[in-house]
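The block underneath contains the structure these notes are about, expressed in structure tokens.
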Protein chains: 2
Amino acid sequence: MTDIYRAIADPIRRQILLMTAQKECTQSEIVSVFTISQPAIIKHLTILKEEGLLEERRSGRYCFYRLNQSVFRNSYSNLQQELGAILEQKLVNLKLFLEKDDDQ
Amino acid sequence: MTDIYRAIADPIRRQILLMTAQKECTQSEIVSVFTISQPAIIKHLTILKEEGLLEERRSGRYCFYRLNQSVFRNSYSNLQQELGAILEQKLVNLKLFLEKDDDQ
DNA sequence: TTTAAATATAACCTTTTGGTTATATGAATA
DNA sequence: TATTCATATAACCAAAAGGTTATATTTAAA
């Protein structure tokens with residue numbers, strides 16, 4: 001649950017996230033944006049729901065989707081921390097160097 | 001090439017990126033950190049190399065790996081723009097609202 | 001010059017991903 | 001009420017992901 005890395009791995013899913021961040025979209029609206037089949041879209045929607053990033057609302061024969069903003073905000077923040085740490089390893093090295101220096 | 005989303009999809013690969021950002025690591029060093037087999041690690045390394053994020057250097061019987069900092073910096077920056085846009089859709093909506101207002 | 005260690009590769013396996021077509025179900029409208 | 005539109009599901013497929021074991025190959029050290 002909430003493996004944002006899994007959710008964002010596919011460009012179609014990233015676009016769905018973007019669309020549903022703007023406004024609630026029906027499934028058929030989403031389907032019409034892409035060239036792949038409706039069942040293929042359902043599978044992408046299912047993965048996004050599994051990871052908690054999409055909320056589903058049923059109204060009559062329509063199925064509305066929208067981004068769960070708070071879940072996205074949270075897991076994206078975690079992602080940034082994790083990947084930011086990779087960028088900042090040089091700083092970690094400096095820190096380690098300074099700490100080692102303290103010991104002497 | 002340089003599909004960072006593919007590269008970071010697996011936690012083992014993210015940890016390899018972190019390790020090799022700190023310092024150049026030999027393959028056996030990397031293997032020893034994890035519980036999976038050496039051929040499994042090679043496959044992860046191959047994916048990271050395919051995406052241009054890892055640089056390989058051969059010295060005798062050792063194979064050294066280190067993060068390609070500039071490629072990582074760049075593709076991470078692209079990722080941030082793409083995912084940042086999802087977060088900031090509310091602002092886009094405001095912009096659209098204001099532009100629509102101009103037309104009237 | 002054996003031997004041992006580091007790396008590479010082959011062959012295989014299972015699960016997941018990403019897609020398809022065909023068809024069923026359910027709700028709204030003509 | 002018959003039809004049409006939106007969604008769901010089943011069955012299938014190919015490729016990618018993520019792993020294994022067994023076995024080369026290459027290089028350094030005993």
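Throughout, a chain's letter reflects where its sequence line sits, starting with A, and its residues are numbered from 1.
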Of all the nucleotides listed (C:dT7, D:dA8, D:dT21), which has the minimum atom distance to the side chain of B:Gln27?
C:dT7

Candidate nucleotides D:dG18, D:dT7, C:dT20, ranked by approach to the side chain of A:Ala40 - the nearest:
C:dT20

Less than 4.0 angstrom between a side-chain N/O of B:Ser37 and OP1 or OP2 of D:dG19, yes or no?
no

Respond yes when some side-chain nitrogen or oxygen of B:Arg6 is under 4.0 Å from OP1 or OP2 of D:dA17, and no when none is.
yes

Hey, are B:Glu29 and B:Lys23 close enough for a salt bridge, meaning a charged N less than 4.0 Å from a carboxylate O?
yes

Rounded to whole angstroms, how far apart are [atom1] on [X] and [atom2] on [N]?
| X | N | atom1 | atom2 | value |
| --- | --- | --- | --- | --- |
| B:Arg57 | C:dT7 | CZ | P | 12 Å |
| B:His44 | D:dG19 | NE2 | C1' | 8 Å |
| B:Asp3 | D:dA15 | CG | P | 19 Å |
| A:Arg58 | D:dC5 | CZ | C1' | 12 Å |
| A:Glu50 | C:dT17 | CD | C1' | 12 Å |
| B:Arg61 | D:dT27 | CZ | P | 11 Å |
| A:Ile8 | C:dG18 | CD1 | P | 13 Å |
| B:Lys43 | C:dC13 | NZ | P | 13 Å |

Tell me, yes or no, whether the heavy-atom count around B:Arg6 atom CZ, taken from other residues, nucleotides or ligands under 6.0 Å, exceeds 12.
yes

Is the backbone N or O of A:Arg73 less than 3.5 Å from a side-chain atom of A:Ser77, with the two atoms forming a donor-acceptor pair by type?
no

So, the side chain of A:Arg66 versus the backbone of A:Glu55: is there a donor-acceptor pair under 3.5 Å, distance only?
no

Which word best sums up how the rings of B:Phe64 and B:Tyr62 line up, parallel for under 30°, tilted for 30 to 60°, or perpendicular for over 60°?
tilted

For the side chain of B:Gln38 and the base of C:dA6, is some donor closer than 3.5 Å to an acceptor across the two?
no

By nearest heavy atom, map A:Asp10 and A:Pro39 onto DNA chain C; which one lands nearer the 5' end?
A:Asp10

In terms of the nearest nucleotide of DNA chain C, which residue is placed more toward the 5' end: A:Ile36 or B:Ser28?
B:Ser28

